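What follows is a short report on a single structure.
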Amino acid sequence: MEELDDLRRQRLEKLTGIRELDIQPYAYRFDRTHTAADCGALHDPEQEGQKKVRLAGRLMAIRRMGKASFGHLMDPSGRIQIYVKSDLVGNESYNLFKLLDIGDVIGVEGGIYKTRTGELTVFADSIVLLAKTLRPLPIVKEKMEGDEKVVFDAFADKELRYRQRYVDLIVNPDVRQTFILRSRIVSAMRAYLEGRGCLEVETPVLQTQYGGAFARPFMTHHNALDMPLYLRIADELYLKRLIVGGFDGVFEIAKDFRNEGMDRDHNPEFTMMELYVAYQDYHFMMDLVEDMIRILCESVLGKTEITYQGSAIDFSKPWKRIGFFDAIRNETGKTVSGLDVEELQKTAEELGLPVELDASRGAVLDALFSRFVEPQLIQPTFILDYPIELSPLAKKHRDKPGVVERFEGYIAGREICNAFSELNDPIDQRRRLEEQAALRAGGDEEAMTIDEDYIRALEYGMPPTAGLGIGVDRLVMLLTDSPSIRDVLLFPHMRPET
RNA sequence: GAGGGUGUAGCUCAGCUGGUAGAGCAACGGCCUUUUAAGCCGUGGGUCCUGGGUUCGAGUCCCAGCACCCUCACCA
């Protein structure tokens with residue numbers, strides 16, 4: 001901050017100078033007629049300068065040459081050169097222009113020309129200041145080499161970019177593009193689900209009892225009732241109550257909160273889409289995921305083949321479908337489906353995967369899968385039929401013992417969705433949650449608790465239901481070729497500035 | 001949580017086995033009414049992340065801490 005003082009002081013002096021010109025440096029309104037991108041089509045070589053436009057945006061480059069100057073104006077559509085000539089704008093405006101800095105928000109009115117070097121340019125008839133900047137913007141320069149845009153001195157410090165996303169968005173257009181795509185992806189998802197007759201709902205973020213996933217929650221306190229509250233870790237149990245209530249299809253796109261570590265794939269708050277459809281099972285849901293993601297790609301990206309971090313990924317074909325135990329056998333050569341805990345632990349050791357002595361059957365299976373199978377799942381793949389220990393809210397498989405009707409979708413080695421035929425037998429549900437409660441009593445902080453009201457709801461009868469959760473951030477990462485979840489969150493979680 | 005990396009001007013970065021802190025852009029001043037990554041000439045600008053230590057002397061070496069990045073672990 002101290003180092004900035006000199007640059008700030010200079011700008012404050014300019015601000016005073018502008019006020020002395022009797023100009024309000026923070027305007028109230030400016031009505032635009034066009035954007036920078038519109039100007040190309042408006043330019044008429046037969047009638048140079050006849051087309052007039054009013055543009056607003058940030059001044060991103062200034063080249064002053066006495067009584068005439070060039071600059072670049074940037075608005076959300078792009079950049080365009082402006083030419084400010086003393087004769088044209090008058091002395092007063094030109095004096096104002098001399099007090100402007102890179103980053104200032106201005107409005108320009110003028111005719112569209114092409115200069116003799118062929119660059120589209122607005123010759124300013126007038127120029128108004130809309131907002132004076134007091135801090136210097138990182139100066140990013142660019143040059144076209146053929147079709148390639150070469151960028152010089154890009155604003156690259158990741159920490160600053162995340163902490164001051166407003167600056168990042170100003171100077172890095174691809175960041176802006178990522179978040180435009182994110183918005184379109186979510187809109188397309190919403191449109192798809194509504195198109196299939198599902199109802200978008202909102203359920204509580206603040207909960208007296210959390211559930212629906214394995215995770216530690218954030219806690220808070222409600223003063224009026226003087227009681228602890230938890231921020232939700234999943235929407236699941238509330239949404240299924242709505243299926244009990246008679247809605248045939250409900251979905252929610254919202255933040256969940258998990259009190260866990262942060263890395264490339266995890267942020268403490270993240271966006272989840274959860275969907276529940278009555279009278280359907282997980283086979284229905286697999287078809288829906290395949291269809292929905294293909295349609296999202298088509299409508300948002302205009303193609304079904306994408307590249308993620310160098311891997312070509314094809315959404316035009318049906319996803320691979322492999323059983324959980326088959327996938328482990330394929331990758332390790334070991335058949336583990338019938339093994340008990342000790343045998344499993346021995347197998348893991350043989351495969352060079354160290355496991356803790358007290359690791360449960362489910363934990364070892366999960367570890368084997370994460371280590372040997374998950375990284376191999378580059379093309380869209382559904383892994384089906386998970387061990388029952390890992391899925392207390394999923395329905396037992398109709399044929400296979402010991403597993404539930406559950407699938408997870410993997411793309412580029414990363415889990416993208418999770419779904420099951422929902423458990424609607426209240427007695428079985430109670431038994432499974434009691435097992436969770438026992439694990440919890442044994443010290444597993446992420447095990448679930450018994451939600452009596454949820455079981456009561458099931459006792460009123462929930463139709464057979466297919467449920468799905470999609471990690472929206474991860475889907476956006478995939479479709480925008482972003483390597484880190486932080487690149488698809490406008491304001492990723494950071495430690496406080498010191 | 002473990003290991004590795006980074007931290008120097010507003011931005012992007014140099015800075016050798018320790019010897020008075022550098023460049024480009026930006027800023028400031030001057031000249032310039034069609035320039036373009038940046039017109040030409042000149043000037044200013046630093047808590048070298050923080051705190052200790054070693055040394056005659058530390059941006060540089062040592063210790064501790066902080067932040068960010070990467071890998072792994074944990075984690076849907």
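This is a predicted model, so every value here is computed, not measured. In what follows, every heavy atom counts, from backbone to side chain, and hydrogens, waters and symmetry copies are set aside.
- Between the P atoms of B:C74 and B:C68, the separation comes to 23 Å (whole Å).
- Geometric assessment of A:R163 against the ring of A:F491 yields a negative cation-pi assignment under the 6.0 Å and 45° thresholds.
- Using modelled atom types, no side-chain atom of A:R58 and backbone atom of A:I106 make a donor-acceptor pair closer than 3.5 Å.
- In this structure, B:G59 forms no base pair with any nucleotide, since neither Watson-Crick nor G-U wobble geometry is met with both distances under 3.5 Å.
- The nucleotide B:A64 finds its pairing partner in B:U50, both defining distances of the Watson-Crick or G-U wobble pair being shorter than 3.5 Å.
- A distance of about 26 Å separates the P atoms of B:G53 and B:G46, rounded to the whole Å.
- With 3.5 Å as the limit, one finds a donor-acceptor pair spanning the side chains of A:D104 and A:T133.
- Using P as the reference atom, B:A21 and B:A58 are 11 Å apart when rounded to the nearest Å.
- Residues A:E48 and A:H43 bring a donor and an acceptor atom of their side chains to less than 3.5 Å of each other.
- Between A:D444 atom CG and B:C74 atom C1' there is a gap of 13 Å when expressed in whole angstrom units.
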Would you tabulate the nitrogen or oxygen pairs shorter than 3.5 Å linking the protein to nucleotides 29-32 of chain B?
unit_1, atom_1, unit_2, atom_2, d
B:C32, N3, A:G66, N, 2.5
B:C32, N4, A:G66, N, 3.0

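- Spacing between atom CZ of A:R116 and atom P of B:U34 amounts to 7 Å, rounded to whole angstrom units.
- Residue contacts for A:E415: at a heavy-atom cut-off of 4.0 Å it reaches a base atom on one of the strands shown.
- Against RNA chain B, the stretch residues 482-493 of chain A makes heavy-atom approaches under 4.0 Å through A:R486.
- Looking only at side-chain heavy atoms (C-beta outward), A:R406 and A:K395 stay at 4.5 Å or farther from each other.
- Judged by distance alone, with hydrogens and angles left aside, the side-chain atoms of A:R64 form no donor-acceptor pair with the main-chain N or O of A:S69 at under 3.5 Å.
- Nucleic acid contact for A:K149: none, since no nucleic acid atom lies under 4.0 Å from a heavy atom of the residue.
- Under the Watson-Crick and G-U wobble criteria, each requiring two contacts below 3.5 Å, nucleotide B:C13 is paired to B:G22.
- Contact check for A:E415 versus A:D265: no side-chain heavy atoms found under the 4.5 Å cut-off.
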Report the C-alpha separation of A:L479 and A:F315 in whole Å, then their side-chain angles, then the decisive distance to 0.1 Å, and conclude whether the side-chain contact (heavy atoms from CB on, under 4.5 Å) test is met.
-> CA-CA 11 Å; A:L479 299 188; A:F315 288 109; 4.3 Å; yes
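- At whole-Å resolution of the value, CD in A:E142 and P in B:C25 are 18 Å apart.
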Please enumerate all protein N or O atoms sitting under 3.5 Å from an N or O of nucleotides 1-3 of chain B, with distances to 0.1 Å.
none

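- Within 6.0 Å of CZ in A:F257 there are more than 12 heavy atoms belonging to other residues, nucleotides or ligands.
- With hydrogens and angles ignored, the 3.5 Å screen pairs a side-chain donor or acceptor of A:R165 with a backbone N or O of A:L489.
- For the P atom pair drawn from B:A64 and B:A73, the interatomic distance equals 27 Å after rounding to whole Å.
- In the model, A:D487 has no side-chain atom that pairs as donor or acceptor with a side-chain atom of A:S484 under 3.5 Å.
- Base contact: A:Y410 has a heavy atom under 4.0 Å from a base atom.
- Between B:G52 and B:G57, the distance separating the two P atoms is 16 Å to the nearest Å.
- Between the CZ atom of A:R414 and the C1' atom of B:C75 there is a distance of 14 Å, rounded to whole Å.
- In this structure, the side chains of A:L433 and A:M448 come closer than 4.5 Å at one or more pairs of heavy atoms.
- Because its NZ or CZ atom is both nearer than 6.0 Å to the ring centre of A:Y162 and within 45° of the ring axis, A:R486 counts as a cation-pi partner of that residue.
- Taking for each of A:A367 and A:K85 the nucleotide of RNA chain B with the nearest heavy atom, the 5'-most of the two is the partner of A:K85.
- Considering only heavy atoms from C-beta on, A:E405 stays 4.5 Å or farther from A:K396 through its side chain.
- In this structure, of B:A67, B:A37, B:U34, it is B:A37 that holds the atom nearest to the side chain of A:K143.
- Remark: B:G42 base-pairs with B:C28. Criterion, Watson-Crick or G-U wobble with two distances under 3.5 Å.
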Criterion side chain to side chain donor-acceptor pair (under 3.5 Å) on A:T121 and A:Q81, from CA distance to verdict = CA-CA 5 Å; A:T121 303; A:Q81 178 163 266; 3.0 Å; yes
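- Residue-to-nucleotide contacts include a donor-acceptor pair under 3.5 Å from the side chain of A:Q81 to the base of B:U35.
- Nucleotides B:G10 and B:U17 place their C1' atoms 34 Å apart, quoted to the nearest Å.
- Within the 4.5 Å cutoff, no side-chain heavy atoms of A:R264 are placed close to those of A:I485.
- Taking a pair to require two hydrogen-bonding distances under 3.5 Å in either a Watson-Crick or a G-U wobble arrangement, B:G1 pairs with B:C72.
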Anything under 3.5 Å between a protein N or O and an N or O of nucleotides 11-13 of chain B, put it in a table, one pair a line.
unit_1, atom_1, unit_2, atom_2, d
B:U12, OP1, A:A156, N, 3.2
B:U12, OP1, A:D157, N, 3.0

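- Checked by atom type, the side-chain pair A:Q209/A:T449 shows a donor-acceptor distance below 3.5 Å.
- Here the C1' atom of nucleotide B:U35 and the CZ atom of A:F97 are 12 Å apart, to the nearest Å.
- Across the P atoms, B:C31 and B:C70 are found 50 Å apart, a figure rounded to whole Å.
- Straight-line distance between the C1' atoms of B:C28 and B:G44: roughly 7 Å, to the nearest whole Å.
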Identify each atom pair where a protein N or O and an N or O of nucleotides 40-42 of chain B are less than 3.5 Å apart, giving names and distance.
none

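- As a whole-Å value, the separation of A:D366 CG from B:C75 P is 7 Å.
- For A:T115 and B:U35, a side-chain-to-base donor-acceptor distance below 3.5 Å is present, hydrogens and geometry of angles not being considered.
- Looking at heavy atoms from C-beta onward, A:V122 lies in side-chain contact with A:L55 at the 4.5 angstrom threshold.
- Of the residues A:L384, A:L468, A:D281, the one that meets the side chain to side chain contact (heavy atoms under 4.5 Å, CB included) test with A:M286 is A:L384.
- No engagement by A:A61 is indicated, since no non-hydrogen atom pair under 4.0 Å with the nucleic acid exists.
- For the contact set between residues 252-273 of chain A and RNA chain B, defined by any heavy atom under 4.0 Å, the members are A:R258, A:E260, A:D263, A:R264, A:H266.
- The shortest side-chain heavy-atom distance between A:E119 and A:H72 falls under the 4.5 Å cut-off.
- Between A:K149 and A:K143, the closest side-chain pair of non-hydrogen atoms is not below 4.5 Å.
- The side chain of A:D87 has B:U33 as its nearest neighbour among B:A26, B:A38, B:U33.
- The side chain of A:K158 lies closest to B:C70 when the candidates are B:A37, B:A67, B:C70.
- Listed for the A:D38 side chain is a donor-acceptor partner under 3.5 Å among the backbone atoms of A:T35.
- Counting any heavy atom pair closer than 4.0 Å across all strands shown, A:Y113 reaches no nucleic acid atom.
- The distance between atom NZ of A:K141 and atom C1' of B:G10, rounded to the nearest whole Å, is 14 Å.
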